[in-house]
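Bear in mind that the values here come from a model prediction, so they are computed numbers and not experimental data. As a basis for the values below, the full set of heavy atoms in this structure was taken, side chains included, without hydrogen atoms, waters or symmetry mates.
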Amino acid sequence: MAVQSIPVPEPGPGELLIKVRAATTCGTDLKAFLRGHPVIPMPGPLGHEYSGVVVAIGDGSPFSIGEAIMGVHSAPCQSCFWCLHGQENLCESIMSTKVLGAYAEYLLIPERITRLNVFPKPENLSFEIASLLEPLSCVAQAITLLSLHPDDRVLIIGPGAIGLMFVAGFRASGVQWVTLAGRNDLRLAVGAGLGAKTCKVTEILANDYDVVVECTGQVEIWEKSVDYVRKGGTVVLFGGCASGTRASFDTKRLHYDQITLISPFHFGTAAVRLAREWLLDPTIDLSPLITGERKLEEAEDVFRDLQAGKALKYVFKP
């Protein structure tokens, strides 16, 4: 990793140039750092969780210079096959038109994203928490695919930042019984503070949960998840495994117990708006997810710390 000086971009029609006030680290960036990533070109800029202040606008932009904003790094075209069939998250161009490079002083936000998925940041919401809109949108996308009941028993495996956001998302959706399983006591304690019951991975009960959410990205946990869900339940395979990985499942269990497997990816505009509602809810406090502030020059050390499990999320304030 290296910090480089490049020209400050100039916004075109409908675009925004923001001064980045907060850019949080993401597990996807860590994967890219460690092994590359199919939708993050390498070598290239990193960072896609951001908030900031508008410093320049293109013609027709809906924002004003000096306005504080929060947003995500992609937006659907709203005209391709998937967009027209209610699957904006699978838009054929959503990945090729995303913006990366939030680990920088300035970030240019394209017109499509500016128009659909950038919002004013309320004064009472910190820039750090506002930058969590993107990962929380991924969580919202998954939760919107579920038919939830208040008395559902939900199990989340993996107390990383995403697993903790799932705790907050399920609680905000009215689910009363949420269990967070993992190995890291400190992270489990954060989950308890968000309203989850907690347990060690070795203490998970078989056939006991209405919904199981896998948040580790480990193939062995993908495979074990079907053992924890009840007959007729749903397993959410959220954590992304390494490219080319294959998983095996007990076909008898899947078929005769009618287990539903879903694997939500990314988000559509509705999920972004739901995540924004959660962030604006004063009863939801995601501040424990921010471990601390670091400098851009420390980026490689930051990712080594994340790899070692020493932090949940760091925030850069370029």
Side-chain angles (χ1 to χ4, degrees), residues 27-28 31 35 37-39 81-82 85-90 135 138-171 173-184 187-188 191 195-268 271:
T28 301
K31 290 178 186 178
R35 63 181 189 232
H37 196 279
V39 295
F81 172 89
W82 290 273
H85 285 76
Q87 295 178 306
E88 287 184 337
N89 60 307
L90 301 179
C138 295
V139 169
Q141 178 71 30
I143 289 179
T144 57
L145 297 178
L146 301 169
S147 297
L148 295 173
H149 302 280
D151 59 350
D152 277 345
R153 296 167 61 89
V154 172
L155 171 69
I156 300 163
I157 308 173
I162 286 292
L164 293 167
M165 288 185 197
F166 264 108
V167 172
F170 279 116
R171 296 289 288 154
S173 301
V175 178
Q176 301 299 312
W177 190 285
V178 179
T179 299
L180 177 66
R183 296 184 175 90
N184 188 307
R187 293 182 176 185
L188 290 175
K197 300 174 176 60
T198 62
C199 71
K200 295 292 188 176
V201 174
T202 54
E203 299 169 346
I204 299 175
L205 300 176
N207 307 326
D208 197 50
Y209 301 93
D210 301 285
V211 177
V212 174
V213 184
E214 193 288 328
C215 293
T216 72
Q218 300 177 36
V219 65
E220 61 269 24
I221 306 299
W222 273 45
E223 294 172 338
K224 289 180 180 178
S225 294
V226 300
D227 296 328
Y228 305 138
V229 71
R230 65 159 173 82
K231 182 188 297 187
T234 299
V235 175
V236 181
L237 300 171
F238 188 91
C241 301
S243 181
T245 300
R246 292 183 177 273
S248 298
F249 300 99
D250 181 346
T251 56
K252 179 182 178 181
R253 178 93 220 277
L254 290 181
H255 179 69
Y256 290 100
D257 286 350
Q258 196 174 303
I259 305 301
T260 298
L261 301 181
I262 63 172
S263 53
F265 169 71
H266 208 58
F267 47 79

Subject >> Full working for side-chain contact (heavy atoms from CB on, under 4.5 Å) between Asp152 and Tyr209 >> reply: CA-CA 8 Å; Asp152 277 345; Tyr209 301 93; over 6 Å; no
**OP:** Apply side-chain contact (heavy atoms from CB on, under 4.5 Å) to the pair Val178 and Arg171, showing each step before the final yes or no.
**Re:** CA-CA 8 Å; Val178 179; Arg171 296 289 288 154; 4.1 Å; yes
**OP:** Would you sort out whether Cys215 and Ile157 count as a side-chain contact (heavy atoms from CB on, under 4.5 Å), showing the intermediate values?
**Re:** CA-CA 6 Å; Cys215 293; Ile157 308 173; over 6 Å; no
**OP:** Test side-chain contact (heavy atoms from CB on, under 4.5 Å) on Val235 and Trp222 and set out the steps.
**Re:** CA-CA 9 Å; Val235 175; Trp222 273 45; over 6 Å; no
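In plain terms, the two heavy atoms of Val201 and Ala181 that are nearest each other are CG2-C, 4.3 Å. Nearest heavy atoms, Cys199 versus Leu188: O-CD1, 3.9 Å.
Between the Gln141 side chain and the Thr144 main chain, no donor and acceptor come within less than 3.5 Å of each other. Side-chain N or O atoms of Lys31 include one that pairs as donor or acceptor with a backbone N or O of Gly240 at under 3.5 Å.
The salt bridge (charged side-chain N to carboxylate O under 4.0 Å, His left out) check on Asp257 picks up Arg253, with sequence neighbours excluded. Under the rule for a side-chain hydrogen bond (donor to acceptor under 3.5 Å, both in side chains), Asp227 has no partner lying at least two apart in sequence or in another chain. Looking at residues two or more places apart in sequence or on another chain, you find a side-chain hydrogen bond (donor to acceptor under 3.5 Å, both in side chains) between Asp208 and Arg153.
If you take CZ on Phe267 and CD on Glu88, they are separated by 11.0 Å, rounding to the nearest 0.5 Å. Separation of atoms CH2 (Trp177) and NZ (Lys197) is listed at 4.5 Å; rounding is to 0.5 Å. If you take CG on Leu237 and CD1 on Ile262, they are separated by 8.5 Å, rounding to the nearest 0.5 Å. Between atom OG of residue Ser225 and atom CD of residue Gln218 there is a gap of 10.5 Å, rounded to the nearest 0.5 Å.
Other residues, nucleotides and ligands contribute only 12 or fewer heavy atoms inside 6.0 Å of the NZ atom of Lys224. In this structure, Glu220 places its CD atom where more than 12 heavy-atom neighbours from other residues, nucleotides or ligands lie under 6.0 Å away. Within 6.0 Å of the CZ atom in Arg246, the count of heavy atoms belonging to other residues, nucleotides or ligands does not exceed 12.
A donor atom on one side chain and an acceptor atom on the other are found under 3.5 Å apart for Thr216 and Glu214.
Residues Phe265 and Phe238 keep their aromatic ring centres 6.0 Å or farther apart.
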